[in-house]
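On a predicted model such as this, the values are computed, not experimentally measured, just so you know. Scope of the values below: all heavy atoms of this structure, side chains included, with no hydrogens, waters or symmetry mates. Every number for a ligand or one of its atoms is a count from 1 in the order of the listing.
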Amino acid sequence: MQFEELGLGAEVLRAVAEAGYKEPTPIQQKAIPTVLMGRDVLGVAQTGTGKTAGFTLPMIDILASGRAKMRMPRSLILEPTRELAAQVADSFEKYGKYHRLSMALLIGGESFKDQEAALDKGVDVLIATPGRLLDLFQRGKILLADSKLLVIDEADRMLDMGFIPDVERIVSLLPRMRQTLFFSATMAPEIRRLADKFLLNPKEISVAPPATAAATVSQYFQRCGQEPKMKRAALRRLLSADDVKSAIVFSNRKRDVGVVHRSLVRHGFDAEALHGDMPQPSRMATLDKFKKGDVRILVCSDVAARGLDIPAVSHVFNYDVPHNAEDYVHRIGRTGRAGRSGTSVTLVTGDDRKTWPAVVRLIGRDVEELPGDTEAAPVPTRETREERPARGSKRRSTRSRSEEAEAKPARKDKSGGERKSRTPAREQEGQAVTAFGDDVPAFMLTPVPNV
Ligand code: ADP
Ligand code: MG
């Protein structure tokens, strides 16, 4: 199928051709005509399937006629993270280059003043994270009564990060007569409930998970001692292989992101760090450098990386086995994209005797072992009955809360006080208690320098 068959206008088609896209992806084929008809859409498709163009392209055509009024955006796109919001803004710029649509990006970590000035002029498209949008709304800087087109993107991510109450509040401020497009990578019961609540007779579009991870990524694991020192040494050896052109290193705890990053730099590796606590401009700058190839290795946490579109990474290294097996699939999905081949290597220690078998079970195939630290304890790759984590077990909810802690540091609640977390500090750092204990050298705990 061709883009020309979807009903898009000539200018959008030109911009798409210039973006180099030959054919619409499956979700685009189904979503674009439906959105152009004015119908609600419930789209379920994994990261990397082209959802962004699936909603931005028809939106550009829909918004091409009409004018924005001051402080009353005509359409609203909600994104769970600042990076994702920025990526959607980039897509609007790219695909909308032959239109004169105005756009504002409302994300935390950037100046209110600039964002307010943009809103004052009136915008066709407002792209926002829920927290910042509500802040501005509560200060009377924005009216949502004219937003007749709403996109809720990455709904399952919103859920993981604890944003659903904010999203519900925002939706209640929008007009009832509107078109709503709702996208999620998964369809958990809570997501289904929201979809039922927000959408009116939607067209449901689901796309089979792309044959990503399993088919295009060569996956390996390597046994390793559980002391951080040993893990860092093993990581350095892996990163030194000739075929490692660009790599993402994932760690479970944001503290380790800093520690691993600094250690790599000290050993002469070309590395940068990305984690949820970094100020927005430096996160963007880091990501840009990595995208351009100015830096070869990116060390990051799951929250910082989720959904980011980072092209052509040759290797993914899991410094830790993720607590949640699904995160493994997301992590290795950073390589082997767009038909390219990729390699992932996971360091597995004695601490991972439960989490690693869960990963192997989820991906449903054996992962080859690379010769590594022969001293390290053997690691099971098959789980026994007792080891299998129960569905919806505590592990999962702990992860969600610890991610939330990373995603939303110290948000004030309505009474002005800071929200208390129910999770003990140690659990928030990540579930496992590391061998580092409290003996981390002080210099390693100093903040990552902003580049
Ligand atoms: P999702 O939102 O589903 O995670 P994105 O919209 O971010 O996925 O798209 C993933 C990548 O695919 C992006 O790099 C985007 O430029 C690219 N892409 C999107 N649509 C097409 C297409 N029709 N042909 C080729 N590449 C595409
Ligand atoms: Mg997306």
(message) For residues 95-109, which residue pairs pass the side-chain hydrogen bond (donor to acceptor under 3.5 Å, both in side chains) check, not counting sequence neighbours?
(response) Glu18-Lys97, Glu18-Tyr98, Tyr21-Tyr95, Ser102-Asp124
(request) Could you list which atoms of ligand 1 come closer than 4.0 Å to a heavy atom of Thr25? (result) 20 (N), 21 (C), 22 (C), 23 (N)
(message) Show me which atoms of ligand 1 lie under 4.0 Å from any heavy atom of Thr49.
(response) 1 (P), 3 (O), 8 (O)
(message) My understanding is that only residues two or more places apart in sequence, or in another chain, count here; which of them pass salt bridge (Lys or Arg N to Asp or Glu O under 4.0 Å) with Glu168?
(response) Arg193, Lys197
(request) Could you list the atoms of ligand 1 found under 4.0 angstrom from a heavy atom of Glu23? (result) 22 (C), 23 (N), 24 (N)
(message) Please check whether Thr52 reaches ligand 1 - meaning an N/O of the residue sits under 3.5 Å from an N/O of the ligand, judged on distance alone.
(response) yes
(message) Within this structure, what is the CG-CG distance for the pair Leu144 and Leu173, rounded to the nearest 0.5 Å?
(response) 5.5 Å
(message) Using a strict threshold of under 4.0 Å (side-chain N to carboxylate O), is an ion pair present between Glu204 and Arg192?
(response) yes
(message) Quick check: Lys22 and ligand 1, any N/O pair under 3.5 Å apart?
(response) no
(message) I'd like to know if Arg178 pairs up with Asp40 as an ion pair, taking the criterion as any Lys NZ or Arg NE/NH1/NH2 lying under 4.0 Å from an Asp or Glu carboxylate oxygen.
(response) no
(message) Tyr21 versus ligand 1: do any nitrogen or oxygen atoms come within less than 3.5 Å of each other?
(response) yes
(request) Determine whether Phe3 and Lys22 make a side-chain contact, defined as any pair of heavy atoms from C-beta on separated by less than 4.5 Å. (result) no
(request) Give the atoms of ligand 1, by number and element, whose distance to some non-hydrogen atom of Phe3 is under 4.0 Å. (result) 23 (N)
(message) Gln28 versus ligand 1: do any nitrogen or oxygen atoms come within less than 3.5 Å of each other?
(response) yes
